[in-house]
Amino acid sequence: MTVQDYIKMPYTRIVQEMNDESGHYFYGRILELDGCQSTSDTLEGLYESLNEAMEGYLEVKLANNLPISVPETENNYSGKFVVRIPKSLHQKLVIQAQKEGVSLNQLALYKLSL
């Protein structure tokens, strides 16, 4: 695959608006490409500089025959995970679900989606 093939893939871009000792700016990174990041004073500039950073990142990886992660997709996830909670919290959630007439799973899904 070429750099352009990778760039066309739907990588996850994470953008944060920053206000710190450096001033006001935007920080972005590519979730799946560890270390691929950039900053800019504007969102438009961030998008451009992040794409440039991604291109450089991919060029180095390909030139050195290093593995390149592919974008995350919903197919990578089952939709299930286990969470250990205290018995008292479990009891409280079951009681709340019963009061609202929903299952514990429905209540947990609602609370996680907030």
Side-chain angles (χ1 to χ4, degrees):
M1 285 182 47
T2 68
V3 168
Q4 292 306 314
D5 292 329
Y6 281 103
I7 287 177
K8 290 177 186 174
M9 298 176 84
Y11 282 97
T12 307
R13 288 167 170 77
I14 298 176
V15 175
Q16 291 176 278
E17 187 171 4
M18 307 296 287
N19 280 304
D20 59 22
E21 63 278 353
S22 299
H24 178 263
Y25 61 98
F26 295 92
Y27 166 79
R29 67 185 177 99
I30 306 296
L31 177 66
E32 298 88 352
L33 303 178
D34 189 38
C36 185
Q37 59 191 356
S38 189
T39 61
S40 178
D41 293 334
T42 66
L43 282 172
E44 295 80 16
L46 178 63
Y47 186 77
E48 289 175 23
S49 65
L50 198 52
N51 283 343
E52 290 172 11
M54 186 175 175
E55 189 172 331
Y57 178 97
L58 294 168
E59 286 171 353
V60 169
K61 289 283 194 173
L62 288 171
N64 292 289
N65 225 11
L66 297 170
I68 299 172
S69 299
V70 295
E72 292 288 334
T73 67
E74 287 183 7
N75 295 335
N76 294 348
Y77 303 94
S78 67
K80 293 174 26 176
F81 68 98
V82 177
V83 178
R84 300 271 183 224
I85 59 174
K87 291 178 182 181
S88 59
L89 177 57
H90 189 177
Q91 178 187 20
K92 187 185 298 185
L93 291 170
V94 167
I95 291 169
Q96 184 178 355
Q98 289 173 343
K99 284 181 180 176
E100 295 185 21
V102 298
S103 70
L104 181 57
N105 278 343
Q106 289 173 319
L107 179 69
L109 178 60
Y110 169 73
K111 289 191 174 283
L112 288 170
S113 66
L114 294 177

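Nothing fancy with the numbering, it's 1 onward along the sequence. Just the heavy atoms: all of them, side chains too, but no hydrogens, waters or symmetry mates, feed the values below.
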Practice task
Look at the side-chain heavy atoms of Ile, Leu, Val, Met, Phe, Trp and Tyr, link any pair under 4.5 Å apart, and say whether Val102 and Leu114 land in one connected group.
Solution key: no
Handout entry: Heavy-atom pair of closest approach, residues Leu50 and Gly28
Key = CD1-O, 3.6 Å
Practice task
Kindly indicate whether the side chain of Ile30, heavy atoms from C-beta on, has any atom under 4.5 Å from the side chain of Gln37.
Solution key: no
Exercise for the section: Give the minimum heavy-atom separation between Thr39 and Ser49, together with the two atoms involved. Expected result: O-OG, 3.5 Å
Problem - Same apolar cluster (I L V M F W Y, side chains within < 4.5 Å links), Val82/Leu104 - result: no
Problem - Non-hydrogen atoms of Leu58 and Val3 that approach each other most closely - result: CD1-O, 4.0 Å
Less than 3.5 Å apart, which donor and acceptor atoms pair up between the side chains of residues 85-92 and the rest of the protein, not counting sequence neighbours?
none

Handout entry: Between CD on residue Glu17 and CG on residue Leu43, distance to nearest 0.5 Å
Key = 7.5 Å
Handout entry: Between OG on residue Ser40 and OH on residue Tyr27, distance to nearest 0.5 Å
Key = 14.0 Å
Practice task
Say whether Leu93 and Leu112 are linked into one hydrophobic cluster, either directly or through other cluster members, by side-chain heavy-atom distances under 4.5 angstrom.
Solution key: yes
Problem - Heavy-atom check, side chain of Glu55 versus side chain of Asn51, under 4.5 Å - result: no
Problem - Donor-acceptor under 3.5 Å (Tyr11 side chain, Ser69 main chain) - result: yes
Problem - Flag side-chain contact, heavy atom, 4.5 Å: Tyr6 against Met54 - result: no
Handout entry: N/O donor-acceptor pair under 3.5 Å between Glu32 side chain and Thr12 backbone
Key = yes
Exercise for the section: Assess whether atom CG of Asp5 is packed by more than 12 heavy atoms of other residues, nucleotides or ligands within 6.0 Å. Expected result: yes
Problem - Within 6.0 Å of OH in Tyr25, more than 12 heavy atoms from elsewhere - result: yes
Exercise for the section: Is it possible for you to say whether Val70 and Ile7 belong to one hydrophobic cluster, with membership spreading through side-chain heavy-atom contacts below 4.5 Å? Expected result: yes
Problem - Joint cluster assignment, Tyr57 & Ile14, ILVMFWY side-chain distance < 4.5 Å - result: no
Exercise for the section: Using the test ring-ring contact (aromatic ring centres under 6.0 Å, His included), find all partners of Phe26 that sit at least two apart in sequence or belong to another chain. Expected result: His24
Problem - Interatomic spacing from CD in Glu100 to CG in Leu107 - rounded to 0.5 Å - result: 6.0 Å
Problem - Straight-line distance of Arg13 CZ to Leu46 CG, nearest 0.5 Å - result: 9.5 Å
Handout entry: Any Arg29 side-chain heavy atom under 4.5 Å of Leu31 side chain
Key = yes
Exercise for the section: Find out whether Leu33 and Lys61 are in side-chain contact, i.e. whether some heavy atom of one side chain is under 4.5 Å from a heavy atom of the other. Expected result: no
